[in-house]
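What follows is a short report on a single structure.
In listed order, ligands and their atoms are each counted from 1.
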Amino acid sequence: MQCELCGKDCFECRPGLVDGVRMMLCIGCMKYGQAVKETVVKTPSNVQRNIGLIRKPREKDVYAGMTKELVSGWNGMIKNAREKKGLSREELGFRIGERTVTIAKIENGDLRPSDSTIGKLEKELGITLLEEVKQVSAGVSGSRPGLTLGDFFKTEKK
Ligand SMILES: [Zn+2]
């Protein structure tokens with residue numbers, strides 16, 4: 001085996017990170033790289049995945065007062081509607097311009113479809129995937145008649 005940094009034959013190469021790139025390093029070159037721990041490799045992809053799932057849906061409609069949310073069980077709805085139409089995942093993907101693997105991820109609930117994909121799915125499958133949801137804060141004063149608006153803001157600031 002050869003060291004990927006200096007090219008020397010090395011008896012015992014170990015994986016190391018050099019400028020973020022994973023390389024096999026000889027003992028002499030280990031000092032230029034950071035040792036790779038398996039947990040380090042796993043964490044970033046998990047974090048990214050969570051950000052993709054949780055953050056994206058919210059950003060757009062924050063100022064609208066009403067937000068559109070995916071209905072609960074949206075992934076199952078997509079799957080059922082597709083099967084009712086007798087379409088394979090591949091065929092559906094072709095019609096809306098998504099890869100088969102993307103359709104599979106969406107149906108498994110692993111991937112939230114983008115707004116444009118949602119629109120295409122609704123149109124293609126004849127289903128409604130988005131429902132309008134009122135902002136939670138709008139209902140607070142109404143549900144507690146004892147509080148004045150001033151009280152409401154005081155509790156908000158705590
Ligand atoms: Zn080396």
Check whether any side-chain N or O of [X] sits under 3.5 Å from a backbone N or O of [Y] as a donor-acceptor pair, and report yes or no.
X	Y	result
Gln34	Leu17	no
Arg89	Ile103	no
Glu122	Leu130	yes

Applying disulfide (SG to SG under 2.5 Å), name anything that partners Cys26, two or more places apart in sequence or on another chain.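 Here no residue qualifies.
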Number of protein N/O/S atoms that sit closer than 2.8 Å to the Zn ion (ligand 1):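 There are 4 of them.
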Considering residues at least two apart in sequence or located in another chain, which fulfil the side-chain contact (heavy atoms from CB on, under 4.5 Å) criterion with Ile27?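 Counting only residues at least two positions away or on another chain, Ile27 forms no side-chain contact (heavy atoms from CB on, under 4.5 Å).
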Residues 90-97, side-chain donor-acceptor partners within the protein, below 3.5 Å, at least two apart:
residue	atom	partner	partner atom	Å
Glu91	OE1	Ser88	N	2.8
Glu91	OE1	Ser88	OG	3.4
Arg95	NH1	Glu124	OE2	3.0

